[in-house]
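A quick write-up on the structure given underneath.
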Amino acid sequence: MESIDRKTFIASAGAATLAATANTTARAASDVVFLSTWKWGVEANRRAAEVFSGGGSLLDAIEKGINVVEDDPNVTTVGYGGLPNAEGEVELDAGIMDGTAHRAGAVCNLHKIKNPISVARLVMERTRHTTMAGGGALRFAIAMGFEPMQLLTPRSLEAWLKWKNAPHHQTFWIDGEHHDTIGMVGASGGNVAAGCSTSGLAWKIPGRVADSPLVGCGYYADDAAGAASATGDGDVMAGYCTSKHIVQKMAEGMHPQEACRDLMRYMAKTARDLRTSMYCVIAMNPRGEIGALSMNAAQPLHYALWRDGTGTLHTAPHYLS
Ligand code: ASP
């Protein structure tokens with residue numbers, strides 16, 4: 001067996017440390033791009049970049065980035081402080097996908113757990129399943145060590161009581177709207193990943209599941225083509241498999257922005273309320289080129305981009321002129 005003297009060991013250990021440092025530095029500075037929906041995406045991207053540059057994987061980065069928004073009581077459409085369903089219960093949906101392994105994990109109608117994206121990741125990594133819902137998802141989360149808690153904040157409880165006590169309050173047996181999502185896609189070294197998390201529509205009919213936790217709808221990722229995520233009226237968008245559509249178009253050679261346009265073109269043929277409803281998407285290819293688009297000017301999409309170590313906030317173009 002070849003022996004190694006102390007000097008050689010120290011020299012090679014030092015070289016390895018230097019190489020690791022150099023790798024980490026190079027990785028943090030220039031080889032990761034994150035794209036997220038809405039203004040809270042800025043902080044989510046910053047956290048994702050921090051996790052990534054600290055040695056975390058792309059999935060770690062996306063999960064932890066999304067956790068920031070889930071933990072924020074001021075975001076009333078995601079995680080803790082999200083507005084509840086019609087019965088006053090906060091009901092969360094989330095999904096995550098690894099574009100390298102082509103594996104996804106999701107939870108729907110999850111109560112009492114403020115980080116559904118983390119539970120979704122464990123569904124992906126610790127089970128043979130893809131999606132878990134309701135009471136089973138809650139029991140799974142508890143078995144995985146998550147602590148159940150009250151997700152209503154004084155602010156969201158007050159908003160629900162106000163809605164509930166309004167004589168002719170809007171219900172989703174007919175129509176209505178208050179929603180948003182944190183959707184995030186990331187690329188590094190040719191790999192992509194995607195995730196999204198939401199409390200869905202405020203005052204929704206309990207049990208409602210829309211696009212966010214459905215693979216290919218709220219999120220999709222494939223290293224061979226890219227990643228995408230959607231936000232907006234998920235009851236409509238789910239019918240167009242939006243994220244899969246966009247990734248498929250990137251696989252056919254479209255730039256992410258053109259792939260987003262292709263999706264809107266497809267939706268515009270049949271989707272309802274094109275000029276008033278919110279239909280928005282983001283996309284990224286494995287090279288880190290991006291796309292972002294809303295259907296109409298009345299419901300603009302703001303998106304956060306992390307590139308070259310810097311975070312910025314932008315307004316996406318809209319499809320309908
Ligand atoms: N798509 C989500 C839902 O319908 C909400 C949103 O992204 O605005 O539940």
Side-chain angles (χ1 to χ4, degrees), residues 37-40 66-95 106-117 119-120 131-142 146-183 196-214 217-218 230-239 271-273 276-280 298-299 302:
T37 54
W38 309 118
K39 64 176 193 256
W40 43 76
I66 288 176
N67 285 162
V68 171
V69 185
E70 293 175 332
D71 290 346
D72 186 344
N74 296 316
V75 179
T76 58
T77 52
V78 179
Y80 177 59
L83 292 175
N85 64 20
E87 291 173 357
E89 184 84 43
V90 181
E91 194 162 277
L92 303 176
D93 301 325
V107 287
C108 321
N109 310 129
L110 182 64
H111 296 181
K112 298 185 171 62
I113 304 291
K114 75 180 165 74
N115 294 124
I117 194 76
V119 184
T131 306
M132 296 186 70
L138 176 59
R139 287 195 294 283
F140 171 76
I142 292 169
F146 290 82
E147 287 283 330
M149 61 180 278
Q150 174 56 267
L151 299 180
L152 281 172
T153 57
R155 179 178 168 188
S156 59
L157 175 61
E158 193 188 319
W160 177 72
L161 286 170
K162 197 170 157 200
W163 169 79
K164 185 84 186 147
N165 294 326
H168 302 293
H169 61 240
Q170 199 175 34
T171 73
F172 286 97
W173 296 102
I174 310 157
D175 214 356
E177 217 163 319
H178 176 95
H179 53 82
D180 268 340
T181 290
I182 168 72
C196 82
S197 181
T198 188
S199 51
L201 284 181
W203 337 133
K204 62 191 171 187
I205 298 168
R208 174 244 193 204
V209 175
D211 61 334
S212 301
L214 304 183
C217 295
T231 180
D233 184 343
D235 293 310
V236 173
M237 295 185 89
R272 68 180 183 224
D273 304 329
T276 49
S277 275
M278 185 197 287
Y279 303 128
C280 304
Q299 302 279 359
H302 305 295

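Every value quoted in this text rests on a predicted model; they were computed, and no experiment measured them. Heavy-atom basis, side chains included; hydrogens, waters and symmetry copies ignored.
- Expressed to the nearest 0.5 Å, how far OG of S197 lies from CG of N115 amounts to 8.0 Å.
- Side-chain atoms of D211 never come within 3.5 Å of backbone atoms of D235 as a donor-acceptor pair (strictly under, hydrogens ignored).
- The two residues T131 and C108 make their nearest non-hydrogen contact at CG2-SG, 3.6 Å.
- Judged purely by atom type and a 3.5 angstrom limit, T198 uses its side chain to pair as donor or acceptor with the backbone of T77.
- Within a 6.0 Å radius of CD in E89, other residues, nucleotides and ligands contribute more than 12 heavy atoms.
- Between W38 and H302, the ring planes lie perpendicular to each other; the angle is over 60°, past the 30° to 60° tilted range.
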Item to check | Intermediate values then yes/no, side chain to side chain contact (heavy atoms under 4.5 Å, CB included), L92 and I113 | outcome: CA-CA 8 Å; L92 303 176; I113 304 291; 6.0 Å; no
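- Scanning all heavy atoms of the two residues, the minimum distance from P73 to T153 falls at CB-CG2, 4.0 Å.
- In this structure a side-chain-to-backbone donor-acceptor pair under 3.5 Å is missing from T181 to T231.
- Here the straight-line distance linking atom CD of Q150 with atom OH of Y80 works out to 8.5 Å at 0.5 Å rounding.
- Of the possible polar contacts, one joining the N109 side chain to the R208 backbone as a donor-acceptor pair under 3.5 Å is found.
- Taking every heavy atom of both residues into account, S156 and P84 meet most closely at O-CD, 4.2 Å.
- Summarising the geometry, atom NZ belonging to K164 is positioned 12.5 Å from atom CG belonging to L157; distances are rounded to the nearest 0.5 Å.
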Checklist entry - Taking it one step at a time, do D72 and V68 satisfy side chain to side chain contact (heavy atoms under 4.5 Å, CB included)? => result CA-CA 6 Å; D72 186 344; V68 171; 5.9 Å; no
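- One N or O on the side chain of E70 and one on the backbone of I117 form a donor-acceptor pair closer than 3.5 Å.
- Here the CD atom belonging to E91 is positioned 3.5 Å from the NE2 atom belonging to H111, to the nearest 0.5 angstrom.
- Atom OH of Y279 and atom CZ of R272 lie 5.5 Å apart (nearest 0.5 Å).
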Item to check | side chain to side chain contact (heavy atoms under 4.5 Å, CB included) between K204 and N85, worked out | outcome: CA-CA 5 Å; K204 62 191 171 187; N85 64 20; 3.8 Å; yes
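- Of all non-hydrogen atoms in G95 and A120, the two that sit nearest each other are CA-CB, 4.2 Å.
- Of all heavy-atom pairs between L83 and A159, the closest is CD2-CB, 3.8 Å.
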Next on the checklist: Would E147 and K114 count as a side chain to side chain contact (heavy atoms under 4.5 Å, CB included) here? Give the steps.
Outcome noted: CA-CA 9 Å; E147 287 283 330; K114 75 180 165 74; over 6 Å; no
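- The OG atom of S212 sits 10.0 Å away from the CG atom of D180 when rounded to the nearest 0.5 Å.
- The shortest heavy-atom contact between C217 and A230 is O-CB, 3.8 Å.
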